Amino acid sequence: MRDSAAPVPAGAPGENTARGRALHGLVIDWFQEHARDLPWRRPEAGAWGVMVSEFMLQQTPVNRVLPVYQEWLARWPRPADLAAESPGEAVRAWGRLGYPRRALRLHGAAVAIQERHGGEVPTEHAQLLALPGVGEYTAAAVASFAYGQRHPVLDTNVRRVFARALSGSQYPPNATTAAERRLARELLPDDEPTAAAWAAATMELGALVCTARSPECVRCPIAASCAWRLAGAPAHDGPPRRGQTYAGTDRQVRGKLLAVLREATEPVPQAVLDRVWHEPVQRARALDGLVSDGLVEPLAGRRYRLPR
DNA sequence: TAGGCGTGGCG
DNA sequence: TCGCCAAGCCT
């Protein structure tokens with residue numbers, strides 16, 4: 001059910017129930033056996049490594065993040081190193097990860113960490129949330145994964161696992177609902193280390209087993225109690241999920257413009273940028289948007305470059 | 001709150 | 001082929 005809020009079933013397993021504790025054990029045990037060895041999960045990654053990975057992983061698959069993450073951490077091992085760079089270098093090093101405003105925001109977060117937190121990634125959820133590009137999910141993820149704190153971590157993977165296992169729906173609602181937040185809060189284990197393990201484990205279960213298109217229920221540690229399976233794995237019958245149109249949109253034009261500027265070492269004349277898209281009105285709108293977003297810096301003589 | 005915001009792989 | 005999907009955030 002993408003668009004209708006699936007009701008929490010009566011007797012939903014809170015943390016303090018036997019069923020809740022059983023779920024924790026099953027999923028965390030599965031995680032300890034099957035978790036991927038990802039660089040940002042190693043102790044040497046530190047809070048900065050966790051934060052960089054979380055920015056890069058927003059709407060972006062792990063396999064595409066891995067090489068860029070390694071480059072970034074080698075080049076900018078501490079927030080101060082990135083803060084000392086120009087934002088344009090961050091955008092350039094972002095490469096083709098997509099959503100390049102994330103690079104700008106991560107750079108801005110590094111500057112804020114340097115200015116407000118003495119160069120150390122803050123430990124408090126509220127302080128994290130105040131950083132550019134850090135929303136509810138990323139703040140909870142950094143606090144949980146980097147600092148072992150107890151926070152509900154509600155990403156697309158966890159929402160799907162909960163929708164299936166607990167609400168009996170194939171998909172979670174389109175937008176995160178209050179019911180989902182309450183469920184995540186109620187299910188959170190009491191002690192910090194277990195809560196942090198639960199967060200990582202439920203995410204990994206959604207990423208590896210309880211996937212969107214073809215869940216592998218035979219590998220799932222909680223298949224026996226999964227509400228969706230027990231209901232016969234009914235297909236989603238509500239309105240379709242909002243599509244991500246791309247071809248012919250401003251986003252595509254922005255991507256083409258920025259690709260040229262990323263590769264350029266010198267300011268790029270407007271005439272060169274004009275070649276990336278045939279339609280002048282949309283082309284101008286896209287370029288204006290990049291400038292107003294701070295991704296592109298206009299120079300005298302109708303030339304453009306990444307921001308200094 | 002609905003929609004904008006990149007990119008590429010996969011079924 | 002082409003629509004769906006991938007650890008969201010911001011306005």
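Atoms considered below: every heavy atom in the structure, side chains included; atoms not considered: hydrogens, waters and symmetry mates. These numbers were taken from a predicted model, which means no experiment stands behind them.
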Original post:
Any Lys/Arg nitrogen of Arg283(A) or Asp274(A) sitting under 4.0 Å from an Asp/Glu carboxylate oxygen of the other?
Top reply: yes
Original post:
Between dA6(C) and Arg160(A), is there an OP1 or OP2 to side-chain N/O distance shorter than 4.0 Å?
Top reply: yes
Subject >> Separation between the C1' atoms of dA7(C) and dG11(B), rounded to whole Å >> reply: 22 Å
Original post:
Is any side-chain nitrogen or oxygen of Arg101(A) closer than 4.0 Å to OP1 or OP2 of dG6(B)?
Top reply: no
**OP:** Output the single nucleotide from dG8(B), dA7(C), dC5(C) whose closest atom is nearest the side chain of Arg36(A).
**Re:** dA7(C)
Original post:
Could you state the CG-P distance from Leu57(A) to dC5(C), rounded to the nearest angstrom?
Top reply: 19 Å
Subject >> Tyr99(A) vs dC10(C): side-chain N/O to OP1/OP2 distance below 4.0 Å >> reply: no
Original post:
Thinking salt bridges, do Arg41(A) and Glu204(A) make one under a 4.0 Å N-O criterion?
Top reply: yes
Subject >> Spacing of Gln252(A) atom CD relative to dG4(B) atom C1', expressed in whole Å >> reply: 15 Å
Subject >> Under-4.0 Å side-chain N/O to phosphate OP1/OP2 contact, Arg254(A) with dG6(B) >> reply: yes
Original post:
Which nucleotide sits closest to the side chain of Ala212(A): dA6(C), dC9(C), dG6(B)?
Top reply: dA6(C)
Original post:
Reckon Leu258(A) touches a base, only the sugar-phosphate, or nothing at all at heavy-atom distances under 4.0 Å?
Top reply: nothing
Original post:
So, Glu89(A) and Arg75(A), do they make that salt bridge, N to O below 4.0 Å?
Top reply: yes
Original post:
How long is the line joining CH2 of Trp40(A) and P of dA7(C), in whole Å?
Top reply: 12 Å
Subject >> Arg213(A), nearest nucleotide to its side chain (from dA7(C), dT7(B), dG9(B)) >> reply: dG9(B)
Subject >> Interatomic distance at P, dC4(C) relative to dG4(B), whole Å >> reply: 16 Å
Original post:
If pairing requires Watson-Crick or G-U wobble contacts with both distances under 3.5 Å, which nucleotide is the partner of dG6(B)?
Top reply: none
Subject >> Distance in angstrom units between Phe55(A) CZ and dC10(C) C1', rounded >> reply: 12 Å
Subject >> Whole-Å distance separating the CG atom of Leu295(A) from the C1' atom of dC9(C) >> reply: 14 Å
Subject >> Spacing of Asp250(A) atom CG and Trp277(A) atom CH2 [to the nearest 0.5 Å] >> reply: 9.0 Å
Original post:
If you look at every strand shown and take non-hydrogen atoms under 4.0 Å, does Leu104(A) touch a base, only sugar-phosphate, or nothing?
Top reply: nothing
**OP:** Would you mind classifying the nucleic acid contact of Val134(A) as base, sugar-phosphate or nothing, using non-hydrogen atoms under 4.0 angstrom?
**Re:** sugar-phosphate
Original post:
Under 4.0 Å between a side-chain N or O of Thr60(A) and OP1 or OP2 of dT7(B)?
Top reply: no
Original post:
Atom CZ of Arg105(A) and atom C1' of dA7(C): how far apart are they, to the nearest Å?
Top reply: 16 Å
Original post:
Is there a donor on the side chain of Arg251(A) or the base of dG4(B) sitting less than 3.5 Å from an acceptor on the other?
Top reply: no
Subject >> Arg308(A) and Glu297(A) ion-paired at < 4.0 Å >> reply: no
Original post:
Taking the nucleotide of DNA chain C with the closest heavy atom to each, which residue, Thr211(A) or Thr138(A), is nearer the 5' end?
Top reply: Thr211(A)
Original post:
Given dG8(C), is OP1 or OP2 found less than 4.0 Å from the side-chain N or O atoms of Gln59(A)?
Top reply: yes
**OP:** Whole angstrom is fine here: how far is it from CG in Leu129(A) over to P in dC10(C)?
**Re:** 8 Å
Original post:
Once you round it to whole Å, what is the distance between C1' of dA7(C) and CE of Met203(A)?
Top reply: 4 Å
Original post:
Would you say a side-chain N or O of Arg262(A) is under 4.0 Å from OP1 or OP2 of dT7(B)?
Top reply: yes
Subject >> Closest nucleotide among dA6(C), dA7(C), dC9(C) to the Asp155(A) side chain >> reply: dA7(C)
Original post:
Quick one: does Arg64(A) reach the base of dT7(B) with a side-chain donor-acceptor pair under 3.5 Å?
Top reply: yes
**OP:** Output, in order, the C-alpha distance, side-chain angles, deciding distance and verdict of side chain to side chain donor-acceptor pair (under 3.5 Å) for Gln58(A) and Thr138(A).
**Re:** CA-CA 9 Å; Gln58(A) 290 168 6; Thr138(A) 301; 3.1 Å; yes
**OP:** Side chain of Asp250(A) only, please: which of dC9(C), dA7(C), dC5(B) is the nearest?
**Re:** dC5(B)
Subject >> Salt bridge flag under 4.0 Å for residues Arg285(A) and Asp288(A) >> reply: no
